[in-house]
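Values in this document were obtained by computation on a predicted structure and should not be read as measured data.
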Amino acid sequence: MDAMDYGPSVTPRALATEAVHAGRDDLAGLGLHAPPLDLSTTYPSYDARAEAARIDEFATTGARLEGPPVYARLDNPTVARFEEALARLEGAEAAVAFASGMAALSAVLLARASQGLRHVVAVRPLYGCSDHLLDTGLLGTEVTWTDPAGVADAIRPDTGLVMVETPANPTLAEADVRALAHSCGSVPLLVDNTFATPVLQRPVEQGARVVLHSATKYLGGHGDVMGGIVACDEEFARTLRQIRFATGGVLHPLAGYLLLRGLSTLPVRVRAASASAAELVRRLATDPRIARVHYPRIGGAMIAFEVYGDPHDVIAGVRLITPAVSLGSVDTLIQHPASISHRIVAEGDRRSAGVSDRLLRMSVGLEDVEDLWRDLTQALSAPPAGPPRATAPAGAGLPDANPRPAGR
């Protein structure tokens, strides 16, 4: 995964180099060093006939317009730089950015439904709101939930998409993307790559046809920008651009600017945070207060662990670590999925997917690992916060009461 080749005319470059330069290759020729931020909502044109022809072309093909955009809902030069960069990092032909990860997923579902393919096969667990969107059929879709082994049997003539998140939110369960892509046949496989990022895996290389990111997380990396992006082939990107134009889920140019800036340090951030996460996993795996540790074989900066005590006391007890939803920031965050990120998923579905009431999810940041461990261990030993809560007996309902990293 060190070298990335984009065709015979382009010299392969390492991922770290691509992260810094993708979307910026033309800047020196423009006499610029930093990418420009274009905040325009509209663009002047004195040739209405030519503009009409360009709009007709977009309505017909969904191809990105040559020349300046007509209106910001059609395109934006700053956002386009971010799209180009992420497509390069994922090894895809194109990428289309949206206002949030959920807006991006919604656009994918609408794109397939517009072709009469409303059925989705999905593997749990997914991010809670992705689960909710599919399960409620808010966009007119119908979902069949299955495990990876059951994907092929679940596909129907009207199946438009197979969706998996790997490593999964919040259990960090992993799926074999190549095997899943084979099971999908001609049906596109969508992989939510938010947790892994292209630093750890590039699903397109393993047969996935659509890659989804909540760009709010690692791509931005600083907890101060919201966005979503889909990497795919150019044909599907054209449909997504038309849906984005029609529905208005556009990424703000300032967000595009910040996300492009975030990509430049993505490999450094992910690798540094992953090293700290691996060390914390090693310590948690032998801690008698921990029932089970979940950590993927692929590595990464996300940890999940189940406690024998009350997880709410751990949340209340941290001081350096921030108790907050979301992930992928430079600072470490911890949250209780059953209370927040996956609260919207029915309790039975949560538990059957491995999201127990004792599970905590931690996004490891860039702090010194000794400081993180000191804060975490004091939180694990903290006295109850407030009145005692009724809790199940130690180890009850847990997949494994032995302290060990799952999948390691």
Side-chain angles (χ1 to χ4, degrees), residues 92 101-102 104-196 201-212 230-233 235-236 239-240 294 296-298 304 337 342 344-356 399-400 406-407:
M102 291 309 301
L105 175 57
S106 296
V108 172
L109 296 175
L110 290 172
R112 301 304 286 161
S114 70
Q115 299 175 1
L117 302 170
R118 297 181 176 275
H119 180 243
V120 178
V121 175
V123 177
R124 276 190 174 122
L126 296 173
Y127 167 53
C129 288
S130 299
D131 187 304
H132 176 72
L133 181 63
L134 292 174
D135 213 34
T136 57
L138 286 170
L139 297 180
T141 55
E142 178 188 351
V143 64
T144 297
W145 296 102
T146 185
D147 58 23
V151 165
D153 290 338
I155 291 175
R156 309 185 322 205
D158 63 338
T159 302
L161 193 73
V162 174
M163 181 173 181
V164 66
E165 182 174 8
T166 180
N169 185 352
T171 65
L172 302 175
E174 295 177 277
D176 185 332
V177 174
R178 196 176 302 278
L180 272 178
H182 178 75
S183 298
C184 290
S186 61
V187 178
L189 171 64
L190 181 153
V191 174
D192 187 330
N193 203 30
T194 299
F195 275 22
Q201 71 179 7
R202 291 200 291 275
V204 170
E205 295 177 349
Q206 302 173 56
R209 290 169 56 187
V210 183
V211 179
L212 174 71
V230 178
C232 54
D233 59 38
E235 180 182 2
F236 192 53
T239 303
L240 292 178
H294 303 256
R297 291 183 179 88
I298 200 173
H342 289 70
I344 202 167
V345 179
E347 182 178 1
D349 291 334
R350 282 201 311 265
R351 291 188 174 183
S352 65
V355 186
S356 79
D400 188 345

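Atom CG of Leu109 and atom CG of Leu138 lie 10.5 Å apart (nearest 0.5 Å). Taking CD from Glu165 and CZ from Phe195, the interatomic distance works out to 5.5 Å, rounded to the nearest 0.5 Å. Taking OG of Ser352 as the start and CG of Asp147 as the end, the distance is 11.0 Å to the nearest 0.5 Å. Taking CD1 of Ile155 as the start and OG of Ser183 as the end, the distance is 7.5 Å to the nearest 0.5 Å. The distance from atom CG of Leu212 to atom CG of Leu105, rounded to the nearest 0.5 Å, is 6.0 Å.
Side-chain atoms of Leu180 and Val164, non-hydrogen and from C-beta on, do get closer than 4.5 Å to each other. Under the 4.5 Å side-chain criterion, counting only non-hydrogen atoms from C-beta, Met163 is not in contact with Val123. Side-chain contact between Val121 and Thr146 is present, with heavy atoms from C-beta onward closer than 4.5 Å. Within the 4.5 Å cutoff, side-chain heavy atoms of Leu139 are placed close to those of Leu133. Taking the side chain as every heavy atom from C-beta outward, Arg350 and His342 approach each other to under 4.5 Å. Counting heavy atoms from C-beta on, the side chains of Asp192 and Leu126 never come closer than 4.5 Å. For the pair Leu240 and Val108, the minimum side-chain heavy-atom distance is below 4.5 Å. For the pair Pro170/Val355, a side-chain contact is recorded, criterion being any heavy-atom separation below 4.5 Å from C-beta on.
Side chain of Thr166 to backbone of Ala175: a donor-acceptor contact under 3.5 angstrom is found. With hydrogens and angles ignored, the 3.5 Å screen pairs no side-chain donor or acceptor of Glu142 with any backbone N or O of Gly137. Formation of a donor-acceptor pair under 3.5 Å by the Asn193 side chain with backbone atoms of Gln201 is found in this model.
Residues Thr171 and His294 bring no donor and acceptor atom of their side chains to less than 3.5 Å of each other. Of the N and O atoms on the side chains of Trp145 and Asp131, not one donor lies less than 3.5 Å from an acceptor on the other residue. With no hydrogens or angles considered, no side-chain donor-acceptor pair links His119 and Thr141 at under 3.5 Å.
Residues Ala181 and Leu189 share a closest heavy-atom pair of N-CD2, 3.7 Å. Smallest separation of non-hydrogen atoms from Leu117 and Pro157: CD2-O, 3.9 Å. Shown here for Pro188 and Arg112, the closest heavy-atom pair between the two residues is CD-NH2, 3.5 Å. Here the shortest heavy-atom pairing between Leu134 and Ala122 reads CD1-CB, 3.9 Å.
Between Arg156 and Asp158 a salt bridge is recorded (basic side-chain N to carboxylate O distance below 4.0 Å).
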